[in-house]
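See structure below.
Letters go in sequence order (proteins before strands), and every chain restarts at 1.
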Amino acid sequence: MICMLFDSVRTIVSDALDRLGLGDVEPTIELPRHESHGDAATTVALQLARRLGKSPRAIAEEIVTAMQPDPDRIAAVDIAGPGFINFRFRPRYFADVLARILQQGKQFGFSDRYNGKRANVEYVSANPTGPLHPGHGRNVALGDSIARLLEAVGYRVTREYYFNNAGRQMQNLARSIYARYRQLLGDTDYPFDEENGYRGEYIFEIARQVIAQYGERLREETDDALTICRSVGEQWCFASIRRTLERLGVHHDVYFNEHSLYIDGNIEQTITALRELGLVYEKDGATWIATTKLGLENDRVIVKSSGEPTYRLPDMAYHCIKLSRGDDLVVDVFGADHIATIQEVLAAVRALGYDTSRVRVVLHQMVTFMKEGVPFKLSKRSGEQYTLDDLIDELGADVVRYFFVMRAAETQLVFDLDLARQQSETNPVFYLQYAHARICSVFANARELGVESGTMDQHHLDGIEHPAECALIRTLAQFPDTIERAAEQLAPYVVADYLHTVAEAFHTFYHECRILGAPTDEIVRVRLALADATRTVLHNGLHVLGVGAPERM
RNA sequence: GCGCUCAUAGCUCAGUUGGAUAGAGCAACAGCCUUCUAAGCUGUAGGUCGCAGGUUCGAGUCCUGCUGGGCGCGCCA
């Protein structure tokens, strides 16, 4: 969809180009950077300069002469600088745009562009070895907002969580739990693996749960005892992770267990297929994949000399499965530490004949938490970890989600805990939420005063005239375009940025134009309609970010 | 050393895919509440877009080199 604000302008320019025999040219209309340059601009004359062998200004003159703008809606058309054509709108133009926004009601901003398309978004994918870490928060918020963005443009989205409950890390977890179990039973000198063990307080909690369920029956160290510890640990960790995700409003449709790849034979199949392609060889007792033949720098081990596959092989099998499901888009949300791995995996999957152009990888950089101007240490004394749950306790889910998506994924995010903690003034989340609450409050007052804010006919919109009203409409009109651009780029921060400009435009409007105390009933109705449209944009935009839109603050 | 990535106001970041005079928030300074939420609004100040070349009508944006951060480069995941 093309920005609705510019539809009429585009038609005017297109018609003029037609008349000049340039009907094949698609003019792009853009918002000028400076307000002094008008409400809309086209660079089409600059782009045609080379093709026509004329100066851009001369071309601009010809185009402008050939145009037939509606004088009720277009106040001025100027040629500026090297050949920009600038348009200035009359309030009537903005009234048209507002009417179209109101027509779309609560659906405004959401599009059906990708209706019938399916997307899979894999995110979180933390193994069940402990509670989520604050750093996971960025992956959680980013992945979920991307899923919401894709839904906003019409995709049917599956949210997927990939996990491994069988590997070395889980063995470490089991041993850690078992050690604490024995220590709690009085074997205080039972050794704890300081190097590989999980040190958190939660391990004791799990161990206490083992005691509650099994008493002292596991005192004899057997494989069974470790299996039980692993199983109890896995359940405990998953419960913890799900509880944290729940608090952030995040739900997955599919939990994919890496282990199932072994049971279902996908691992075997994958390695056989790679072998048939001549990409597999044995060296030093291990099995290698010749990723150098696929344009990468090094070959990698896919089966260790112990006979155990490395994580790469199941990752390849898993991506083959994801690509064979028929989704139109497969999104992986990973931390920057996966950068090398994902290249190898995709190279192998491509060699196996899958269309990896459907895969889009969102790699986010790491998060630094700052407190009082210095990096905040996430481990407390006693080795206890500060968790994502603790962060939510401290800041609330809305602030946590917003802060993790408000910057582009590829920047190293600095999470300012002091700024986030502020319940007033400077917190960027509250700025948006406050605008929403303010509007709700106006409508509450309107109801009390018996002001009808019913349906809007177009002729009621003639009351638009204040610059702040026009500026607000101009901003609101960019919402559908913003959502599409954000979805295209898989970049929720685009929406966060945009919502800030919406809130700003609204607060200015609110300050300069009284709504309920406007001079005439007609203006009251128009301004209520404008406030209502703003409320919809804020509500829908915040929804995409997974942030609540409170009615009162 | 190699790969990926980033470098824009004191700090944190935008910059609509190559367009006009570089944009916000925080911090600083000065104003605005007897009227719909002051968690707000208005204004001032703050810049050699890391450095050097190149591409063209035009570069913060694209290409090359350099400098400096981050991440990765193990039969860990």
Side-chain angles (χ1 to χ4, degrees), chain A residues 3 30-34 36-37 41 43 46-47 49-50 55-56 80-84 86 127 129 164 167-170 172 196 258 283-288 296-298 300-312 314-315 335-341 343 363 365-366 368 370 373 406-408 410-416 418-419 422-435 437-446 448-449 451 478 481-482 485 488-489 493-494 496-498 500-501 503-504 506-508 510-518 527 531 552-553:
Chain A
C3 178
E30 26 189 85
L31 196 65
R33 271 220 276 241
H34 281 272
S36 61
H37 296 136
T43 56
L46 296 161
Q47 282 147 10
R50 182 176 303 175
S55 87
F84 296 97
N86 297 335
N127 288 334
T129 56
N164 171 12
R168 157 99 36 103
Q169 295 308 316
M170 290 303 286
N172 289 338
N196 301 309
E258 179 186 315
K283 192 179 96 181
D284 304 334
T287 306
W288 295 66
L296 297 181
E297 203 185 349
N298 296 306
R300 299 290 177 193
V301 171
I302 49 175
V303 182
K304 299 182 240 177
S305 49
S306 64
E308 212 181 337
T310 63
Y311 64 95
R312 255 177 280 269
D315 258 16
D337 47 342
H338 284 69
I339 231 166
T341 310
Q343 283 180 335
L363 279 170
Q365 297 291 320
M366 298 305 170
T368 311
M370 296 292 282
M406 71 180 187
R407 304 297 184 209
E410 60 270 14
T411 66
Q412 294 167 47
L413 180 65
V414 175
F415 196 122
D416 184 339
D418 300 313
L419 179 61
Q422 288 189 42
Q423 292 291 309
S424 62
E425 290 183 12
T426 58
N427 194 313
V429 189
F430 293 129
Y431 185 75
L432 307 184
Q433 293 185 319
Y434 183 64
R438 241 183 176 181
I439 295 169
C440 292
S441 163
V442 170
F443 276 94
N445 292 333
E448 229 163 87
L449 293 169
V451 178
Q478 289 164 270
D481 222 29
T482 304
R485 194 157 50 86
E488 211 65 56
Q489 297 176 15
Y493 83 90
V494 170
D497 251 24
Y498 166 74
H500 187 271
T501 69
E504 194 172 43
F506 175 76
H507 285 309
T508 302
Y510 179 89
H511 188 257
E512 296 195 14
C513 305
R514 282 203 59 86
I515 300 170
L516 297 175
R527 289 184 178 167
R552 258 193 297 274
M553 286 179 76

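Nucleotide rU12(B) holds its C1' atom 13 Å from the CZ atom of F415(A), rounded to whole Å. The distance between atom NE2 of H338(A) and atom C1' of rG72(B), rounded to the nearest whole Å, is 11 Å. Following rounding to the nearest Å, L413(A) (CG) and rG69(B) (C1') show an atom-to-atom distance of 16 Å. What separates CG of N127(A) from P of rA77(B) is a distance of 10 Å, to the nearest Å. Atoms CD (E512(A)) and C1' (rG43(B)) sit 13 Å apart, rounded to a whole Å. Counting to the nearest Å, the P atom of rA77(B) and the CD1 atom of I302(A) are 13 Å from each other. One atom, CG of D497(A), and another, P of rA14(B), lie 8 Å apart when rounded to the nearest Å. A straight line from CG of L419(A) to P of rA27(B) spans 8 Å, rounded to a whole angstrom.
rU5(B) sits 14 Å from rG65(B) when the P atoms are compared, rounded to a whole Å. Separation of the C1' atoms belonging to rC11(B) and rA27(B) is 8 Å when rounded to the nearest angstrom. Here, rA14(B) and rC6(B) have their P atoms 11 Å apart, quoted to the whole Å. Taking atom P on both nucleotides, rC29(B) is separated from rC71(B) by 37 Å, rounded to a whole Å. Distance check on atom C1': rC57(B) versus rA52(B) gives 24 Å, rounded to whole Å. Here, rG50(B) and rU61(B) have their C1' atoms 16 Å apart, quoted to the whole Å. Annotation: rG60(B) and rG47(B) have their C1' atoms spaced 12 Å apart (nearest Å). The separation of rG10(B) from rG70(B), taken at their C1' atoms, amounts to 22 Å, rounded to a whole angstrom.
Distances shorter than 4.0 Å separate some side-chain N or O of T508(A) from OP1 or OP2 on rU42(B). Side-chain N/O atoms of Y493(A) include none lying less than 4.0 angstrom from OP1 or OP2 on rG25(B). N445(A) has a side-chain polar atom (N or O) that falls below the 4.0 Å cut-off from OP1 or OP2 of rU37(B). Contact annotation: K304(A) side-chain N/O to rC76(B) OP1/OP2 distance is under 4.0 Å. Side-chain N/O atoms of Y431(A) include none lying less than 4.0 angstrom from OP1 or OP2 on rC26(B).
Not counting sequence neighbours, F84(A) has no partner by the ring-ring contact (aromatic ring centres under 6.0 Å, His included) test. Considering only residues two or more places apart in sequence or on other chains, Y498(A) meets the ring-ring contact (aromatic ring centres under 6.0 Å, His included) condition with F479(A). For Q169(A), the side chain to side chain donor-acceptor pair (under 3.5 Å) partners at least two apart in sequence or on another chain are Y198(A). In this structure, the side chain to side chain donor-acceptor pair (under 3.5 Å) partners of Q47(A), at least two apart in sequence or on a different chain, are T43(A).
Judged by distance alone, with hydrogens and angles left aside, N86(A) brings a side-chain donor or acceptor within reach of the base of rA20(B), the pair sitting under 3.5 Å. In terms of polar N and O atoms assigned as donor or acceptor, the side chain of Q412(A) never comes within less than 3.5 Å of the base of rU5(B) in a complementary pairing. Side-chain atoms of Y434(A) stay outside donor-acceptor range of the base of rA39(B), with no qualifying N/O pair under 3.5 Å.
Nucleic acid contact class of A435(A) (heavy atoms, under 4.0 Å, all strands): none. Backbone-only contact: T411(A) has heavy atoms under 4.0 Å from sugar-phosphate atoms and none from a base. Here R300(A) lies in heavy-atom contact (under 4.0 Å) with sugar-phosphate atoms only. Within the nucleic acid shown, C440(A) has no heavy atom closer than 4.0 Å to any nucleic acid atom. Residue contacts shown for D284(A) include a base, since a base heavy atom lies under 4.0 Å away. Heavy atoms of A336(A) sit under 4.0 angstrom from primed sugar atoms or phosphate atoms, though from no base atom.
Using modelled atom types, one side-chain atom of R527(A) and one backbone atom of R514(A) make a donor-acceptor pair closer than 3.5 Å. A donor-acceptor contact shorter than 3.5 Å is absent between the side chain of D284(A) and the backbone of A286(A). Remark: side-chain polar atoms of W288(A) are not paired, donor with acceptor, to backbone N or O of I302(A) under 3.5 angstrom. Distance alone, capped at 3.5 Å, places no donor-acceptor pair between the N127(A) side chain and the T129(A) backbone. In this structure a side-chain-to-backbone donor-acceptor pair under 3.5 Å is missing from N86(A) to A41(A).
Of the candidates rU16(B), rG72(B), rA39(B), the closest approach to any side-chain atom of M553(A) belongs to rA39(B). When distances run from any side-chain atom of V414(A) to the nucleotides rU37(B), rC75(B), rC13(B), the shortest one goes to rC13(B). Of the candidate nucleotides rA20(B), rA14(B), rC75(B), rA20(B) has the atom lying nearest to any side-chain atom of P32(A). Which of rG19(B), rC36(B), rA77(B) sits closest to the side chain of Q47(A) comes down to rG19(B). Looking at the side chain of H37(A), the nearest of the listed nucleotides rC75(B), rU37(B), rA20(B) is rA20(B). Taking the side chain of E410(A) as heavy atoms from C-beta on, and the options rC36(B), rC75(B), rU5(B), the nearest nucleotide is rU5(B). Taking only side-chain atoms of Q169(A), from C-beta outward, the nucleotide of rC13(B), rC75(B), rC76(B) with the closest atom is rC76(B).
Annotated stems with RNA chain B as a participant read B:1-7 with B:67-73, B:10-13 with B:23-26, B:28-32 with B:40-44, B:50-54 with B:62-66, given as range with range, by first number; only runs of 3 or more Watson-Crick or G-U pairs under 3.5 Å qualify.
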Between the protein and nucleotides 22-24 of chain B, list every N/O to N/O distance that falls short of 3.5 Å.
from	atom 1	to	atom 2	distance (Å)
rG23(B)	OP1	H34(A)	NE2	2.6
rG23(B)	OP2	H34(A)	NE2	3.4

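With values rounded to the nearest 0.5 angstrom, M366(A) atom CE is found 13.0 Å from T411(A) atom OG1.
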